[in-house]
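What follows is a set of notes on a single structure, which appears directly below.
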2 protein chains.
Amino acid sequence: MNKYYSITELTREFGISTRTLRFYEDEGLIHPERRGRTRLFRPADRRLIQEILRGRRIGFTIAEIREIIQVYKDPPGELGQLQLLMSRVEEKREELRQKRKDIEDTLTELDNVEEACLTRLAEIGVGT
Amino acid sequence: MNKYYSITELTREFGISTRTLRFYEDEGLIHPERRGRTRLFRPADRRLIQEILRGRRIGFTIAEIREIIQVYKDPPGELGQLQLLMSRVEEKREELRQKRKDIEDTLTELDNVEEACLTRLAEIGVGT
DNA sequence: ACTATCGTTGACCTTGACGTAAAAGTCAAA
DNA sequence: TTTGACTTTTACGTCAAGGTCAACGATAGT
């Protein structure tokens with residue numbers, strides 16, 4: 001009893017549009033099955049979509065996401081390709097570490113904003 | 001002796017184009033001084049640009065960045081505005097925390113990719 | 001005087017990631 | 001059988017964030 005998800009089922013779950021999922025298929029990120037013309041998504045497709053959306057949230061482009069998926073599907077066998085891949089992976093990691101630091105800095109900045117707001121609220125609250 | 005930075009000085013430092021800085025001025029993010037028509041950037045402008053770029057790296061839109069700058073320049077005095085601001089800040093924080101988690105998950109995933117690469121390299125190395 | 005380098009404005013162009021609308025097929029419930 | 005909810009494809013539209021190009025001014029070096 002292989003479970004299938006319909007397209008709208010998934011759009012509801014993930015808060016995206018059908019256009020987005022069809023677009024991702026056009027872009028070669030996903031390959032749902034078909035019954036006639038209708039798309040049928042299996043659990044594996046669903047998990048892949050989750051990963052795509054995670055990539056999207058952290059700012060990867062469609063092309064980058066496609067590349068990552070490719071690597072998972074069939075990792076390069078040739079030496080030069082492997083070395084190239086590893087150096088690109090290292091680049092990405094550095095980028096992500098920078099991004100994480102940016103986020104942490106911004107989070108503490110938001111702490112300050114919040115504190116300033118609370119102070120202000122207290123002032124106003126006292127004044128009335 | 002108030003130091004000034006020229007536009008190209010900053011583009012070189014930050015790896016962006018003059019178009020980008022002029023665009024940011026058009027968008028009201030920065031307000032460099034002028035001598036005639038030429039823009040003169042002061043250290044404060046430079047620091048602001050750094051923060052703008054940090055916002056950009058973590059995926060904030062121009063509009064969001066402008067909003068944040070606004071809050072810093074003059075925090076709202078009215079109660080309702082303050083409460084609105086605080087709830088929006090809380091939203092952003094949640095978004096950033098999610099993003100941070102996404103990044104951490106992806107970083108460990110990249111660890112795995114790298115390891116797989118190394119294994120593969122060893123195989124190839126041994127095979128030849 | 002000529003050339004380089006750096007600066008300006010203004011206008012249109014491009015790219016990514018979808019949105020939206022048209023026209024039509026499928027299937028279940030009332 | 002008609003309505004409603006779902007699905008499809010094709011195709012043009014949009015929006016953000018700049019890129020690119022033209023035409024020009026100021027300044028410095030040779």
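Computed from heavy atoms alone, side chains included, the values below leave out hydrogens, waters and symmetry copies.
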Revision key, fill the gap. A:Leu21 CG to C:dT20 P, in whole Å, measures 16 Å
Practice item. Rounded off to whole Å, could you give me the CZ-to-P distance for the B:Arg57 and D:dA17 pair? Key: 16 Å
Review point. Could you give the distance from CZ (B:Arg42) to CD1 (B:Ile30), rounded to the nearest 0.5 Å?
Key: 12.5 Å
Check your understanding: Are A:Leu110 and A:Leu121 connected in the hydrophobic side-chain network, where two residues link if heavy atoms are under 4.5 Å apart?
Key -> no
Check your understanding: Once you round it to whole Å, what is the distance between C1' of C:dC6 and CZ of B:Arg37?
Key -> 14 Å
Exercise for review: Measure from CG on B:Leu29 to P on D:dA17 and round the result to the nearest Å.
Suggested key: 9 Å
Practice item. Name the nucleic acid region contacted by B:Arg34, choosing base, sugar-phosphate or nothing; use a 4.0 angstrom heavy-atom cut-off, strictly under. Key: sugar-phosphate
Review point. Can A:Arg54 and B:Glu109 be counted as an ion pair, charged N to O under 4.0 angstrom?
Key: yes
Review point. When we call it a touch if two heavy atoms are under 4.0 Å apart, what does A:Arg66 touch: a base, just sugar-phosphate, or nothing?
Key: nothing
**Study point:** Earlier contact from the 5' end, DNA chain D, for A:Thr38 and A:Asp26
**Key:** A:Thr38
Review point. Where the side chain of B:Arg12 is concerned, which of C:dC6, C:dT8, C:dA17 is the nearest nucleotide?
Key: C:dC6
Point to revise | Atom-pair distance (CG on A:Leu10; C1' on D:dC6), nearest Å | key: 14 Å
Point to revise | A:Glu27 CD to C:dG16 P, straight-line distance once rounded to whole Å | key: 9 Å
Review point. In terms of heavy-atom contacts, does CZ of A:Arg97 have more than 12 from other residues, nucleotides or ligands at under 6.0 Å?
Key: yes
Practice item. Quickly work out the A:Phe23 CZ to D:dA11 C1' distance and round it to whole Å. Key: 15 Å
Practice item. Report which part of the nucleic acid B:Arg56 touches: base, sugar-phosphate, or nothing (heavy-atom distance under 4.0 Å, all strands). Key: sugar-phosphate
Check your understanding: How close do B:Leu85 and A:Cys117 get, heavy atom to heavy atom, and via which atoms?
Key -> CD2-SG, 3.7 Å
Review point. To the nearest Å, how far apart are B:Ile16 CD1 and D:dT20 C1'?
Key: 17 Å
Review point. Counting only distance, no hydrogens or angles, is the base of C:dT20 paired donor-acceptor with the side chain of A:Arg19 under 3.5 Å?
Key: yes
Practice item. Ignoring backbone atoms, test whether A:Thr8 places a side-chain nitrogen or oxygen under 4.0 Å from the OP1 or OP2 oxygen of D:dT7. Key: yes
Check your understanding: Does a nitrogen or oxygen in the side chain of A:Arg39 sit under 4.0 Å from OP1 or OP2 of D:dC6?
Key -> no
Check your understanding: Taking atom types as they are modelled, is there a donor-acceptor pair under 3.5 Å from the base of D:dT8 to the side chain of A:Arg22?
Key -> no
Practice item. Check whether any side-chain nitrogen or oxygen of B:Tyr24 sits under 4.0 Å from OP1 or OP2 of D:dA17, and answer yes or no. Key: no
Exercise for review: Look at A:Thr20 and C:dG19 and indicate whether a side-chain polar atom (N or O) is within less than 4.0 Å of OP1 or OP2.
Suggested key: yes
Review point. Reckon A:Thr18 touches a base, only the sugar-phosphate, or nothing at all at heavy-atom distances under 4.0 Å?
Key: nothing
